[in-house]
Every structure is written in structure tokens, then in C-alpha cells.
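Atom set for the values below is all heavy atoms of this structure, side chains included, hydrogens, waters and symmetry mates excluded. In what follows, chains carry the letters A, B, and so on, assigned in the order in which the sequence lines appear, proteins first and then strands, with residues in each chain numbered from 1. Values in this document were obtained by computation on a predicted structure and should not be read as measured data.
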Amino acid sequence: MKSDLLKNFWYLVSAYSAVFVAIGAFVFTLFQKQDQLERELDALKKSKS
Amino acid sequence: MKKDALLDRILLLATVIAVPISLYLVFLYAPLEKTMGLMQKIFYYHVPLAWICFLAFFVVFVLSIRHLVTKDIKYDIIAHCSVQIGVLFCGLVLITGPIWARPIWGVWWSWDPRLTTTLILFMMYVGYLLIDSFTSEEVKAARIKAVFGIVAFMDVPIVWYSIKWWRTIHPMVRDGKSGMNISPKMHVTLLFCILTFTLIYALLLRLAVRVRTTEKELEYLKDSLGEEMI
Amino acid sequence: MTSAFKLIYHLVSKDILAELRSKEMLVSLFFFSLMVIIIFHFTIEVSGVSLAEIAAGLIWVAFTFSGIIGLNRSFSSELHNGCLQGLMLTPMDRGDIYIAKMLANTIFMMTVELMLVPIFTFLLNVPVLEHLGSLALVFLLGTWGYTAVGTLLAAISANTSAQEVMLPILLLPLIIPILMGAVSATGLIINSGKGIFDADVLKWLKLLVGFDIIFTTVCYLTFEYVIEE
């Protein structure tokens with residue numbers, strides 16, 4: 001019975017981790033992209049002036 | 001601009017506070033359910049993910065109509081980001097659902113109406129994102145995505161009902177989440193988690209829209225510079 | 001109003017005449033469907049499932065996949081020859097172009113389907129020929145819904161660089177209700193010998209009709225946004 005509970009615990013943990021990892025990864029890529037885009041934008045604006 | 005930034009901060013703060021509270025409610029406040037035990041707790045994230053995913057696609061539906069009517073690209077930008085988040089949440093429903101089902105019913109997948117409709121939803125809106133990848137002209141892409149966003153959403157209830165009808169004729173043993181006893185504490189937890197995910201959706205949407213807007217800005221700048229050089 | 005009907009009639013006849021001359025679409029769709037059945041024998045039947053049992057599903061698989069080919073071709077010729085721009089110059093409501101295309105596609109698909117009926121009876125040993133009347137109605141309602149959505153999505157896919165691949169990706173999830181309704185009704189007719197006035201069959205027919213009406217309307221209204229420049 002205890003091993004059952006333990007096994008279920010790992011299922012539970014993996015489900016919740018999946019949610020956090022996925023959303024976290026999404027947020028991370030958004031911030032990364034934003035940084036990269038802003039750098040490119042700045043560079044372009046400087047070269048224009 | 002200042003009001004925008006303030007709104008963003010409030011949203012971020014609210015979300016950052018809500019998430020740990022939701023976890024506390026799920027693991028420490030909500031009681032252990034009788035029939036499913038520990039596994040039932042996936043429900044508190046699985047269900048809100050499904051609801052908010054549906055909300056995201058409804059937002060796409062509304063914005064798509066507005067885009068076709070006003071031809072304003074801003075609606076396409078927000079709609080596209082909402083699709084991205086919707087697809088993300090959809091994918092998570094499809095991951096957490098089977099993780100729940102496996103220990104409870106012994107199978108990863110049963111073609112039950114809810115999960116099956118979610119799978120089809122996932123396919124539909126991945127298609128939406130692919131339209132964007134494969135269409136070169138931006139204005140055209142926005143328009144046809146809007147049309148697709150409308151047509152796809154209208155199909156969702158029909159897909160849901162057709163699967164449900166079929167299932168009432170050919171029931172399978174492991175249908176639905178029936179067999180769960182819900183106490184008031186569980187209700188509170190569920191509602192709070194729905195609120196949490198709504199906040200997460202709003203936050204992600206603002207972040208994604210910011211990225212896409214900047215992307216467009218960069219493109220326009222590049223285009224106009226290219227024209228000047230010619 | 002009558003001029004709209006006339007224009008639609010002309011457009012549909014143009015497509016049909018073009019096809020009657022070359023016959024390439026009808027012939028290729030017919031042989032493609034035949035090939036699907038043969039492949040199913042060598043895969044499904046070989047793995048132990050009797051095809052006669054899944055005949056209803058098999059029939060609609062054949063229709064679905066050959067339908068995709070047909071839909072793709074219905075727009076590829078327009079685009080490659082600049083016909084679409086020509087059409088848009090006519091004083092025709094854009095939605096009517098959609099209706100015309102949809103009707104032409106439906107007629108093509110139904111023709112192929114009816115040509116396949118004897119093949120199904122012959123290869124699958126199912127009483128398809130016997131229930132032809134009821135089946136024809138089911139085929140019509142199912143095909144109509146399929147082409148209603150398919151014509152719009154073919155126009156959308158034609159705008160992308162991956163036209164042939166986009167159409168099935170976009171279309172197949174959307175027509176799930178059509179498949180469920182059509183396969184269920186077809187199955188009830190050929191397996192249990194029920195007629196179209198049977199309560200169970202009627203239920204599925206209602207789903208098909210509902211789908212057909214809703215999506216013809218929505219696609220009619222949104223078609224112009226897909227083809228305008």
C-alpha cells in the first residue's frame with residue numbers, strides 16, 4: 001500500500017513539474033526573444049542616425 | 001504607457017503571489033479524496049488548464065472577427081499570441097490527463113470526450129500556427145488566420161457533442177472523472193486555481209504580445225531602411 | 001438574385017466541363033480510393049481484422065483521403081492560371097464563387113463515391129448496392145459538409161507555400177463530426193439494415209445536416225476574406 005502511494009506520488013510530482021517547466025520555459029523564451037529583438041532594434045536605430 | 005506598466009506590475013505581482021497560494025491549497029488545504037487518493041490532486045491544475053485553454057481560443061474567436069471587421073493588425077497580434085498560449089495549455093492538459101489516468105484506470109489514453117476534444121483542439125490550433133509559418137505575406141496571413149480562428153472555434157462544440165453522442169451509445173468503462181467526491185474545501189481550491197491560471201494566461205498574453213509587437217516593429221524598420229537604401 | 005444563380009451555374013458548368021474533357025480528377029480519385037481499400041486489405045486484414053466489419057469506416061477513409069486530393073486540385077488550377085483574379089473581376093459576390101466551387105467539388109466527390117459503390121460491394125462483400133437509396137443520402141450529407149469546410153480551407157491552403165500538406169492538417173480535425181455522423185449512419189445502414197427513417201440513423205443525419213448548414217453559412221461569409229488581395 002505504501003509503495004502504491006509512493007508510486008502515485010511520483011506521478012503527481014511529474015504532472016505538476018511538467019506544468020511548471022513548460023510554462024517556465026515559455027516565459028524564458030519570451031524574455032530571451034524580447035532581449036534579442038530590443039538589441040537588434042537599438043542597433044538598427046543607431047545605424048540609421 | 002505608464003498605466004500599461006503599472007497594470008503589468010500588478011498582474012505580475014498577483015500571479016507571483018497566487019501560484020504559491022494555489023500550491024498550498026492543493027497540497028495542504030484540500031483534503032485527500034476517498035476513491036482516488038493522492039492522484040486526484042492533479043485535477044486542480046488539469047481542469048483550470050483546460051478551461052483557460054478554451055478561454056484563450058474564445059478570445060481568438062472574438063479577436064479574429066474584430067480583425068476581419070477593422071483590418072487592424074493589432075488584433076491579429078493578440079490573437080496569435082492567444083493561440084500560442086492556448087496550444088501550450090492544451091498540450092499540458094494532454095500531458096497531465098494521461099498522467100492522472102494511468103495509475104487510476106491503468107491506461108494512458110481512453111478516447112473519452114473531454115480528452116479527445118482537447119486533442120482535436122490541439123491539432124486545429126497547431127494548424128493555425130502553421131498557417132502563419134507557411135504564409136509569406138503578413139497581411140494575407142493575418143486575414144486567413146482570422147478566418148480559420150472563426151471556423152475552427154465554431155466547430156469545437158460540434159466536435160464535443162458528436163463524440164459525446166457516440167459515447168452514450170458505446171460507453172467505455174473509463175469514462176469521465178465520475179467517482180470523485182468533492183467537498184467544499186476542494187471547491188475553493190479548484191476555484192482559486194482557475195483564478196491563478198487566468199492570471200497566468202493574462203500575464204503570458206501580455207508578455208507574448210510585447211514580443212510579437214517588437215518583432216513587427218523590427219520588421220517594419222528593416223523594411224523602411226531597405227526602401228531608403230533603394 | 002437570379003443573376004447570382006446564373007453566374008453560379010456557369011461557374012459550376014465550367015468546372016464540370018473542364019473535368020469531363022480531361023477526366024483526370026475523376027479517374028485519379030477513383031483509382032486512389034481503390035488503392036486505399038487494397039492497402040487496407042494488406043495491412044488491416046492481414047493483421048486479423050475483417051474488412052467487412054469496418055466497412056463503413058473504410059468507405060469514409062477512402063472518401064476523406066481522395067477528397068483531399070480533389071480539393072487541392074480544385075484550387076491549384078485556378079491559382080496557376082490566374083483564373084481566380086479573373087473571377088474576382090466579374091461582378092460576382094465573392095461568396096457566390098465559394099458556392100460554385102463547393103457545388104462543383106461536391107458533384108465530383110459524389111460521382112467518385114457512386115462509382116466506388118460497386119467496388120465496395122464487390123471487394124468488401126458488404127450490401128452497399130442494396131441500400132443505395134439511403135446510402136446516397138448519407139453520402140450526400142457527409143460530402144456536402146466535407147466540401148463546405150474543405151473548399152474554404154483549400155483556398156486558405158493555396159495561399160501557403162506548403163499547399164498540399166496544409167489542407168489535410170487544417171481539414172481533418174475540423175471534419176471529425178462529419179466522419180462520426182457519416183460513418184455511424186453508414187454503419188447502421190449496411191450492418192444492421194436500418195433505413196434512413198430509423199431513429200438512430202436520423203440522429204446522425206441531424207448532426208450532419210446541422211453541420212452542413214452551419215458551416216456552409218460561416219464559410220460563405222468568410223470566403224471573401226481569404227481570396228481578396
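The side chain to side chain contact (heavy atoms under 4.5 Å, CB included) test applied to C:Leu103 returns C:Ile8, C:Val12, C:Ile99, not counting sequence neighbours.
For residues 191-200 of chain B, the set of pairs meeting the side chain to side chain donor-acceptor pair (under 3.5 Å) definition, not counting sequence neighbours, is empty. Applying the ring pair (Phe, Tyr, Trp, His ring centres under 6.0 Å) test to residues at least two apart or on different chains, none of the pairs has a partner in residues 149-172 of chain C.
The 12-atom threshold is not exceeded at CZ of B:Phe58, counting heavy atoms of other residues, nucleotides or ligands nearer than 6.0 Å. Within 6.0 Å of atom CE in B:Met123, 12 or fewer heavy atoms from other residues, nucleotides or ligands are found, so the atom counts as exposed in its surroundings.
Minimum heavy-atom separation, B:Gly127 to C:Met166: O-CE, 3.8 Å.
Comparing C:Gly210, C:Pro177, C:Cys219 by how many heavy-atom pairs each has under 4.5 Å with chain B, the most go to C:Pro177. The candidate with the highest count of non-hydrogen atom pairs below 4.5 Å against chain C, out of B:Leu68, B:Val126, B:Leu130, is B:Leu68. In terms of heavy-atom pairs under 4.5 angstrom with chain B, the leader among C:Val165, C:Leu174, C:Ile176, C:Ile175 is C:Leu174. Among B:Val156, B:Val159, B:Ile163, B:Ile158, the residue with the largest count of heavy-atom pairs under 4.5 Å with chain C is B:Ile158. Interface remark: of the candidates C:Ile156, C:Leu171, C:Ile169, C:Ile156 forms the most heavy-atom pairs closer than 4.5 Å to chain B.
Of the atoms belonging to C:Phe215, it is side-chain heavy atoms, and not backbone ones, that fall under 4.5 Å from chain B. If you measure heavy-atom distances from C:Val218 to chain B, the contacts under 4.5 Å come from the side chain alone. For B:Leu119, no part sits under 4.5 Å from any heavy atom of chain C, backbone or side chain. The part of C:Ile227 that comes within reach of chain B is its backbone (N, CA, C, O), which places non-hydrogen atoms under 4.5 angstrom from that chain. Only the side chain of C:Leu153 comes within less than 4.5 Å of a heavy atom of chain B; its backbone N, CA, C and O stay farther away. At a 4.5 Å heavy-atom cutoff, C:Leu172 makes no contact with chain B through either its backbone or its side chain.
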Quick check - list every chain B-chain C donor-acceptor pair under 3.5 angstrom, one line each.
| unit_1 | atom_1 | unit_2 | atom_2 | d |
| --- | --- | --- | --- | --- |
| B:Phe134 | O | C:Ser161 | N | 2.9 |
| B:Phe134 | O | C:Ser161 | OG | 3.3 |
| B:Lys140 | NZ | C:Asn159 | OD1 | 3.3 |
| B:Lys140 | NZ | C:Val226 | O | 3.2 |
| B:Lys140 | NZ | C:Glu228 | O | 3.2 |
| B:Arg143 | NE | C:Tyr225 | O | 2.8 |
| B:Arg143 | NH2 | C:Glu228 | O | 2.7 |

